[in-house]
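Along the sequence shown, residues carry numbers from 1.
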Amino acid sequence: MLVDVDVWEQLSKQRVGSEATLYRLLQDERVEMSLYSDDGPPPDVERLEANGYLRGDEAIGWTVLAPAYDEMVAYSVTTATRTTVVHRALIVDQVLMPGWVLTEETGAADDAAARLIATAHEIGVDILITERKAVLDTELEDRGNCRFAPPLVALSLIALYLRSAGEYILAASSGFIGTAHRRGFYDRAASRAIPSLDTFIGLAGESVSAARLLTITRRARALFEARDRLALLLSEPSTDDVADAVEATFTHALVDMVASMTCWHAWSTRCCPPQSPLRFGPSGSRRSGKRPPSLRSPSFMTPGVMTASPCC
């Protein structure tokens, strides 16, 4: 991840909510992150010490541009961590191309945004996290596999990429981050998105066999797994293979959804008694008899409080 320093400073001030979760997730060992600023790192940033392998003085956790003063190379690009330093170069055309596109789109030159785009492309990050409007709105096609995203979109993308690598992240409003097994994660995702699911299972427990209830929950999990597969495919560059995979995944998910809703409707009709009709008192005032629980009851549509929710 390459993170615009203005976004980083904004995230660092948050204590709860999605931005706090993103701030903590970016510092997690599962995520490689580097900061970027048009003006370079501040003077007080921690820097490497020179040794037999490293020249020293590189800003830890930063990607830094420096003019190259060369006819072909516009800038040198240095990315440093506590253990590694990687040097790259931006050739002139790499900066000119996004600059031309941005000028055409906005009607004004934005050299800083062009350098940011070229840098993200050159170092090969998956996501550039920024709030610069010119960068987020550009239709520049030559960006490699890099996605340009504001913070909350980036949070969803990071969580999606981690799930594709087998890491299922749970996050609480306090910013706490934990992990879950694949099945447990998608169970929570289904329960969160379909609040009546857990109540339905509770009501149906004595009327429907365990095997059928497991089928309901399995189909619910499958829908959210399909959602992740589609999102991941659509985040990749468009090719015929990707298009075929999207079509196949969507078709299977649609069949699964129809089957799930059909079973759900049939079993809910069987296990939930019909509502009692309204009765009227002697004075003509409307009075309702005690109504048995129903899946359509508003109380069943209110999500339960979870200590940690799927980071989707």
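Screening residues 88-100 for side chain to side chain donor-acceptor pair (under 3.5 Å) gives Q94-E122 as the qualifying pairs, with residues at least two apart or on separate chains. Residue pairs meeting the ring-ring contact (aromatic ring centres under 6.0 Å, His included) criterion with at least one member in residues 7-32, sequence neighbours excluded, are W8-Y23.
Two residues are said to be in side-chain contact when any heavy atoms from C-beta on lie closer than 4.5 Å; V45 and I60 fail this criterion. The shortest side-chain heavy-atom distance between L22 and I158 falls under the 4.5 Å cut-off. With contacts defined as side-chain heavy-atom distances shorter than 4.5 Å, the pair V5/Y36 does not qualify. At least one side-chain heavy atom of F185 sits under 4.5 Å from a side-chain heavy atom of R163. The shortest side-chain heavy-atom distance between L90 and T119 falls under the 4.5 Å cut-off. I123 has its side chain within reach of V77: a pair of non-hydrogen atoms, C-beta onward, lies under 4.5 Å apart.
The minimum heavy-atom distance between L48 and A80, with the atom names listed, is CD1-CB, 4.2 Å. In plain terms, the two heavy atoms of H181 and Y168 that are nearest each other are C-CD1, 4.3 Å. Shortest non-hydrogen contact noted between P98 and A114 is CG-O, 3.7 Å.
Rounded to the nearest 0.5 Å, atoms CE (M97) and CD1 (I91) are 10.5 Å apart. To the nearest 0.5 angstrom, L155 atom CG is 6.5 Å from L25 atom CG. If you take CG on L136 and CZ on F148, they are separated by 9.0 Å, rounding to the nearest 0.5 Å. From K133, atom NZ reaches atom OG1 of T138 across 11.0 Å, with rounding to the nearest 0.5 Å. Separation of atoms CE (M1) and CG (L35) is listed at 13.5 Å; rounding is to 0.5 Å. With rounding to the nearest 0.5 angstrom, the CD1 atom of I129 is 10.0 Å from the CG atom of D4.
Residues satisfying the salt bridge (charged side-chain N to carboxylate O under 4.0 Å, His left out) test with E131, not counting sequence neighbours, are none. Q14 pairs by the side-chain contact (heavy atoms from CB on, under 4.5 Å) definition with E19, A20, not counting sequence neighbours. By the side-chain contact (heavy atoms from CB on, under 4.5 Å) test, V153 pairs with A149, P150, L157, sequence neighbours left out. Under the rule for a side-chain hydrogen bond (donor to acceptor under 3.5 Å, both in side chains), the partners of D38 that lie at least two apart in sequence or sit in another chain are R132. With sequence neighbours left out, Q27 forms a side-chain hydrogen bond (donor to acceptor under 3.5 Å, both in side chains) with no residue at all. When the side-chain hydrogen bond (donor to acceptor under 3.5 Å, both in side chains) test is applied to D110, no partner is found at least two apart in sequence or on another chain. With sequence neighbours left out, the side-chain contact (heavy atoms from CB on, under 4.5 Å) criterion links P43 to no other residue. Not counting sequence neighbours, the partners of A109 by the side-chain contact (heavy atoms from CB on, under 4.5 Å) test are T103, D111. By the salt bridge (charged side-chain N to carboxylate O under 4.0 Å, His left out) test, E46 is found to be paired with R82, residues two or more places apart in sequence or in another chain being considered. Residues satisfying the side-chain hydrogen bond (donor to acceptor under 3.5 Å, both in side chains) criterion with S34, sequence neighbours excluded, are T63.
A continuous path of Ile, Leu, Val, Met, Phe, Trp and Tyr side chains, each step under 4.5 Å between heavy atoms, connects I127 with V31, placing both in one hydrophobic cluster.
Judged purely by atom type and a 3.5 angstrom limit, T21 uses its side chain to pair as donor or acceptor with the backbone of G17. In terms of modelled atom types and a separation under 3.5 Å, the side chain of E105 and the main chain of E139 share a donor-acceptor contact.
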Apply side-chain contact (heavy atoms from CB on, under 4.5 Å) to the pair W62 and R47, showing each step before the final yes or no. CA-CA 10 Å; W62 284 77; R47 295 179 181 271; over 6 Å; no
How far apart are the C-alpha atoms of R147 and L128, what are their side-chain angles, what is the distance that settles it, and do they pass the side-chain contact (heavy atoms from CB on, under 4.5 Å) test? CA-CA 6 Å; R147 294 289 303 272; L128 166 60; over 6 Å; no
How far apart are the C-alpha atoms of R30 and L162, what are their side-chain angles, what is the distance that settles it, and do they pass the side-chain contact (heavy atoms from CB on, under 4.5 Å) test? CA-CA 8 Å; R30 289 168 284 227; L162 287 174; 4.1 Å; yes
The test is side-chain contact (heavy atoms from CB on, under 4.5 Å); show your working for V92 and V73 and say whether it passes. CA-CA 6 Å; V92 174; V73 179; over 6 Å; no
